[in-house]
Amino acid sequence: EPEVTQTPSHQVTQMGQEVILRCVPISNHLYFYWYRQILGQKVEFLVSFYNNEISEKSEIFDDQFSVERPDGSNFTLKIRSTKLEDSAMYFCASSERGGPNTEAFFGQGTRLTVV
Amino acid sequence: AQSVAQPEDQVNVAEGNPLTVKCTYSVSGNPYLFWYVQYPNRGLQFLLKYITGDNLVKGSYGFEAEFNKSQTSFHLKKPSALVSDSALYFCAVRETGGFKTIFGAGTRLFVKA
């Protein structure tokens with residue numbers, strides 16, 4: 001069964017450092033997403049990406065964040081200068097279509113710890 | 001704005017008993033509702049969705065959900081719980097006119113042997 005894969009599973013970084021979280025969406029999917037889940041809190045939407053551009057972003061997704069699809073398979077989330085409060089589980093997701101009746105499929109997540 | 005609420009932080013049930021995890025929704029327009037499950041140290045797995053049609057939706061692992069428009073509810077159910085069903089369950093709604101999935105706070109299900 002096709003699945004979304006994320007690497008690494010766990011990343012520890014020092015405050016102020018840049019991190020890149022990587023994802024390989026399901027191959028025939030066209031819409032890509034990043035979500036995050038701070039420990040014990042809700043899963044929060046960060047950004048959606050379609051046709052090589054951001055289609056929607058939340059207020060969390062400020063100038064420190066960027067996304068890119070550098071080739072035909074990878075989808076990355078970059079945090080330029082990490083803060084302690086960026087520590088969270090980051091989930092990549094993809095969907096075949098962008099409509100409201102389409103489920104998104106999620107990866108296993110990358111646990112980011114900022115020290 | 002679309003939202004979902006899960007009124008219970010935790011549900012405890014004995015193995016073999018039926019389980020219900022509650023969810024209520026608030027949407028403008030047609031509701032598109034989903035259930036996801038998160039096992040420890042794992043990602044979110046899609047269980048089922050309601051788009052239109054039958055109010056009883058069947059999904060993965062023997063789960064089903066009942067859509068009730070008058071009560072604006074979408075409760076997750078299973079006739080006979082397994083210990084392996086113990087996990088964190090999220091109700092969700094896809095935003096109409098947007099791209100994001102909006103999640104409830106989650107309900108932790110404990111199934112005791």
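Just so we're on the same page: letters track the sequence lines, and every chain starts at 1.
- In this structure, chain A has no heavy atom under 4.5 Å from any part of Y50(B).
- Other residues, nucleotides and ligands contribute more than 12 heavy atoms inside 6.0 Å of the CG atom of L84(A).
- The environment of D9(B) atom CG is sparse: at most 12 non-hydrogen atoms of other residues, nucleotides or ligands sit within 6.0 angstrom.
- Looking at R94(B), its side chain never comes within 3.5 Å of a backbone N or O of E103(A) through a donor-acceptor pair.
- The hydrophobic cluster containing I54(A) also contains I79(A), counting ILVMFWY residues as joined when their side-chain heavy atoms lie under 4.5 angstrom apart, directly or transitively.
- Remark: side-chain polar atoms of K49(B) are paired, donor with acceptor, to backbone N or O of N101(A) under 3.5 angstrom.
- For F99(B), the parts lying under 4.5 angstrom from a heavy atom of chain A are both the backbone and the side chain.
- Most heavy-atom pairs under 4.5 Å with chain A: of the set I51(B), V93(B), T52(B), this distinction falls to I51(B).
- Criterion: ILVMFWY side-chain heavy atoms under 4.5 Å apart, direct or through other members. Under it, V67(A) and L46(A) are part of a common hydrophobic cluster.
- Counted within 6.0 Å of CG on D63(A), heavy atoms from surrounding residues, nucleotides or ligands total 12 or fewer; the atom is thus considered open.
- Listed by sequence position, F103(B), G104(B), A105(B) are the residues of residues 102-113 of chain B in contact with chain A, using a 4.5 angstrom heavy-atom cutoff.
- In this structure, no portion of Q2(B) lies under 4.5 Å from any heavy atom of chain A.
- Heavy-atom neighbours of D71(A) CG from other residues, nucleotides or ligands within 6.0 Å: above the threshold of 12.
- Between the NZ atom of K100(B) and the OG atom of S48(A) there is a distance of 9.0 Å, given to the nearest 0.5 Å.
- Y25(B) and V57(B) fall within a single hydrophobic cluster, where Ile, Leu, Val, Met, Phe, Trp and Tyr are joined by side-chain heavy atoms under 4.5 Å apart, directly or via other members.
- Interface remark: Q37(A) contributes side-chain atoms only to the contact with chain B (heavy atom separation under 4.5 Å).
- Heavy atoms from other residues, nucleotides or ligands lying under 6.0 Å from CD of Q14(A) number 12 at most.
- Residue contact with chain B, scored on non-hydrogen atoms closer than 4.5 Å, involves the side chain of S95(A) exclusively.
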- Message: Please evaluate residues F45(A) and E95(B) with respect to the criterion side chain to side chain contact (heavy atoms under 4.5 Å, CB included), reporting the C-alpha separation (whole Å), side-chain torsions for both, the decisive distance (0.1 Å), and the verdict.
- Response: CA-CA 11 Å; F45(A) 170 80; E95(B) 193 173 63; over 6 Å; no
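- Residue Y50(A): no heavy atom, backbone or side chain, is found under 4.5 Å from chain B.
- Just one residue in the list L88(B), L44(B), T101(B) forms a side-chain contact (heavy atoms from CB on, under 4.5 Å) with V43(A), and that residue is L44(B).
- Grouping the Ile, Leu, Val, Met, Phe, Trp and Tyr side chains by contacts below 4.5 angstrom, directly or via other members, places L82(B) apart from L48(B).
- Most heavy-atom pairs under 4.5 Å with chain B: of the set A93(A), S55(A), G98(A), this distinction falls to S55(A).
- Cluster membership check: M15(A) shares its hydrophobic cluster with V19(A), using side-chain heavy-atom separations under 4.5 Å among Ile, Leu, Val, Met, Phe, Trp and Tyr.
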